*Asks:* 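The structure is given below, and queries will be raised subsequently.
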Amino acid sequence: MSLSITTWNINSVRLRLPIVEDFLKRVSPDILCLQEIKCQNDQFPADALKALGYENIILHGQKGYHGVAIASRFPLTEDHRQDYCGVGDSRHISAIFEWQGKRIRLHNFYVPAGGDEPDRTINPKFGHKLDFIEEMKALKADAEPGVSAILVGDLNIAPFENDVWSHKQLLKIVSHTPVETEGLLDVVRQGGWVDLMRQFTPEPEKIYTWWSYRAKDWEAADRGRRLDHIWSSPDMTGHLKRIDILKEARGWEKPSDHVPVTAWFDI
DNA sequence: ATGGTGGCTACGCCA
């Protein structure tokens with residue numbers, strides 16, 4: 001009995017509903033986690049996703065910016081939205097689902113991008129990002145007794161050298177600065193998480209999930225970063241079968257700058 | 001080389 005979970009920063013779910021539907025028809029994951037839906041809850045295309053079998057939908061939308069959603073073939077219970085940094089942004093939603101007798105807490109995150117200047121004294125957005133990561137360190141994979149955990153999302157940090165096209169050239173670029181990468185690795189260690197993408201594809205193999213809109217030819221330049229992540233509690237790692245990064249989605253009509261990443265588990 | 005592109009919304013902000 002398999003379980004599949006996709007994370008995808010969709011950069012406006014209303015604009016990109018056609019490619020979301022195409023993806024769901026083709027890959028048909030059990031659960032789809034979206035970030036940057038960029039709409040309010042009542043504007044979310046719930047009917048279209050329900051028509052494809054995703055009858056269980058939970059939302060944390062926001063006008064114009066951010067926003068996260070989970071659409072699932074399985075019932076979702078005990079849903080929760082945490083306001084990290086207390087600023088009112090819609091950047092987190094979670095719920096529990098059941099799979100093979102396990103109860104699993106699924107977290108879906110959209111971590112702040114952090115602006116351009118990696119210095120919190122002159123760029124408050126970078127400070128917000130660092131504060132958000134600091135607050136995430138309190139999130140434990142074993143927070144609920146008897147409940148496993150999976151954490152996905154656009155974490156906007158590429159923690160390892162081969163999570164970016166050029167480690168040296170990106171050391172002062174927001175998303176790959178040491179204070180961010182060390183901070184994210186602390187979140188993993190202190191929370192007792194396992195980085196499933198790096199379990200499946202260890203360093204030094206390059207992994208990217210995002211390619212900038214600003215490149216003239218994203219595919220030829222291939223200057224990507226691994227900004228999207230799938231983590232789990234240690235008990236899930238033995239069930240991981242594979243991770244699929246659908247790179248071709250970056251070349252679809254009106255693409256997101258992020259591609260869908262899907263984890264496949266098996267009993 | 002310090003631009004470039006994209007989305008929301010209605011203008012500048014955010015990524």
Side-chain angles (χ1 to χ4, degrees), chain A residues 7-21 23 33-45 48 59-69 83-92 108-120 122-133 152-159 163-166 168-177 179-181 183-184 208-229 247-261:
Chain A
T7 180
W8 195 5
N9 178 320
I10 198 61
N11 188 19
S12 172
V13 69
R14 290 176 292 172
L15 188 71
R16 276 179 250 291
L17 180 59
I19 62 172
V20 172
E21 292 176 311
F23 173 80
C33 296
L34 295 172
Q35 304 88 34
E36 279 205 278
I37 60 175
K38 290 189 172 178
C39 66
Q40 298 172 93
N41 287 353
D42 61 358
Q43 300 173 311
F44 187 84
L59 298 167
H60 194 190
Q62 180 175 340
K63 185 178 181 179
Y65 304 108
H66 323 314
V68 288
D83 182 0
Y84 281 77
C85 303
V87 293
D89 285 353
S90 298
R91 295 181 179 274
H92 168 265
N108 180 15
F109 274 95
Y110 175 51
V111 172
D116 289 331
E117 195 61 50
D119 178 348
R120 70 180 308 154
I122 57 174
N123 172 18
K125 287 187 283 191
F126 193 69
H128 178 211
K129 183 178 195 176
L130 297 182
D131 292 345
F132 195 105
I133 291 299
V152 308
D154 174 6
L155 306 186
N156 265 317
I157 297 173
D163 292 338
V164 294
W165 63 275
S166 169
K168 281 189 177 176
Q169 286 176 260
L170 286 164
L171 273 170
K172 292 180 178 176
I173 302 298
V174 172
S175 74
H176 195 63
T177 66
V179 65
E180 293 170 87
T181 59
L184 194 69
Y208 310 142
T209 65
W210 172 91
W211 291 262
S212 173
Y213 283 128
R214 296 176 187 177
K216 278 192 179 120
D217 184 341
W218 71 273
E219 195 164 23
D222 200 23
R223 295 184 167 187
R225 306 178 200 170
R226 182 171 74 111
L227 302 181
D228 303 278
H229 296 265
K247 183 176 180 180
E248 69 163 84
R250 184 62 181 79
W252 288 352
E253 189 76 15
K254 295 283 287 178
S256 170
D257 44 356
H258 297 252
V259 300
V261 182

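None of the values given here were measured: they were computed from a predicted structure.
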*Asks:* If the P atom of dA10(B) is compared with that of dC14(B), how far apart are they to the nearest Å?
*Replies:*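 Per the computed distance, 14 Å lies between those P atoms.
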*Asks:* Does any part of the side chain of Gln43(A), heavy atoms only, come nearer than 4.5 Å to the side chain of Ile37(A), both counted from C-beta?
*Replies:* no
*Asks:* So which nucleotide from dG7(B), dG4(B), dA1(B) ends up closest to the side chain of Arg214(A)?
*Replies:*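 Comparing dG7(B), dG4(B), dA1(B) against the side chain of Arg214(A), the answer is dG4(B).
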*Asks:* Respond yes when some side-chain nitrogen or oxygen of Arg16(A) is under 4.0 Å from OP1 or OP2 of dG7(B), and no when none is.
*Replies:*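 For dG7(B), OP1/OP2 do have a side-chain N/O of Arg16(A) under 4.0 Å.
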*Asks:* In whole angstrom, give the distance that lies between atom CD of Gln35(A) and atom C1' of dG7(B).
*Replies:* 16 Å
*Asks:* So does Ser12(A) get a side-chain nitrogen or oxygen closer than 4.0 Å to the phosphate oxygens (OP1/OP2) of dC8(B)?
*Replies:*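 The answer is yes; a side-chain N or O of Ser12(A) sits under 4.0 Å from OP1 or OP2.
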*Asks:* Within 45° of the axis and under 6.0 Å from the centre of the six-membered ring of Trp165(A), does NZ or CZ of Arg223(A) qualify?
*Replies:*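 Flagged: Arg223(A) positioned over aromatic ring of Trp165(A).
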*Asks:* Expressed in angstrom and rounded to an integer, what is the separation of Asn9(A) atom CG from dC8(B) atom C1'?
*Replies:*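 Answer to the nearest Å: 15 Å.
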*Asks:* What is the separation between atom CG on Asp228(A) and atom C1' on dA15(B), rounded to the nearest whole Å?
*Replies:* 13 Å
*Asks:* Between dT9(B) and dA15(B), how many Å separate the two C1' atoms, rounded to a whole number?
*Replies:*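 Per the computed distance, 15 Å lies between those C1' atoms.
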*Asks:* Of the nucleotides dC14(B), dC8(B), dG7(B), which one has an atom closest to the side chain of Lys254(A)?
*Replies:*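 Closest nucleotide to the Lys254(A) side chain: dG7(B).
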*Asks:* Counting N and O atoms only, with roles assigned by atom type, does the side chain of Asp228(A) sit under 3.5 Å from a partner on the main chain of Trp8(A), one being a donor and the other an acceptor?
*Replies:*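 Checked: no pair found.
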*Asks:* Rounded to whole Å, please give me the gap between NZ in Lys172(A) and P in dT2(B).
*Replies:*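 So the NZ-P distance, Lys172(A) to dT2(B), works out to 18 Å.
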*Asks:* Quick one: does any side-chain atom of Arg16(A) pair with a main-chain N or O of Pro255(A) as donor and acceptor, under 3.5 Å?
*Replies:* yes
*Asks:* Atom CG of Asn123(A) to atom C1' of dA15(B): distance rounded to whole Å?
*Replies:* 13 Å
*Asks:* Answer yes when Arg250(A) and Asp222(A) have at least one side-chain N-carboxylate O distance shorter than 4.0 Å, and no when they do not.
*Replies:*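 Looking at Arg250(A) and Asp222(A), the cut-off is not met.
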*Asks:* For Asp257(A) and dG6(B), what is the distance between atoms CG and P respectively, to the nearest whole Å?
*Replies:*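 Rounded to the whole Å, the gap is 10 Å.
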*Asks:* Can you tell me, in whole Å, how much space there is between the C1' of dC11(B) and that of dG6(B)?
*Replies:*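 To the nearest whole Å, 16 Å.
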*Asks:* The side chain of Tyr213(A) is closest to which nucleotide in this list: dT5(B), dC8(B), dA15(B)?
*Replies:* dT5(B)
*Asks:* Should Val111(A) and His229(A) count as side-chain neighbours, where that means a heavy-atom distance under 4.5 Å?
*Replies:* no
*Asks:* Taking for each residue the nucleotide of DNA chain B bearing the nearest heavy atom, is the 5' side occupied by Asp116(A) or by His66(A)?
*Replies:* Asp116(A)
*Asks:* NA contact type, Lys216(A), heavy-atom cut-off 4.0 Å: base, sugar-phosphate, or nothing?
*Replies:* nothing
*Asks:* Check every atom of dA15(B), dG7(B), dT9(B) against the side chain of Ala113(A) and return the nucleotide holding the closest atom.
*Replies:* dA15(B)
*Asks:* Send over the distance from Glu36(A) CD to dA15(B) P, rounded to a whole Å.
*Replies:*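 Value for this atom pair: 7 Å.
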*Asks:* Lys63(A) has a side chain; which of dC8(B), dC14(B), dT9(B) sits nearest to it?
*Replies:*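 Side chain of Lys63(A) sits closest to dT9(B).
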*Asks:* For Lys125(A) and dA15(B), give me the distance from atom NZ to atom C1', rounded to whole Å.
*Replies:* 8 Å
*Asks:* Does Arg250(A) make a side-chain N or O approach to OP1 or OP2 of dT5(B) shorter than 4.0 Å?
*Replies:* no
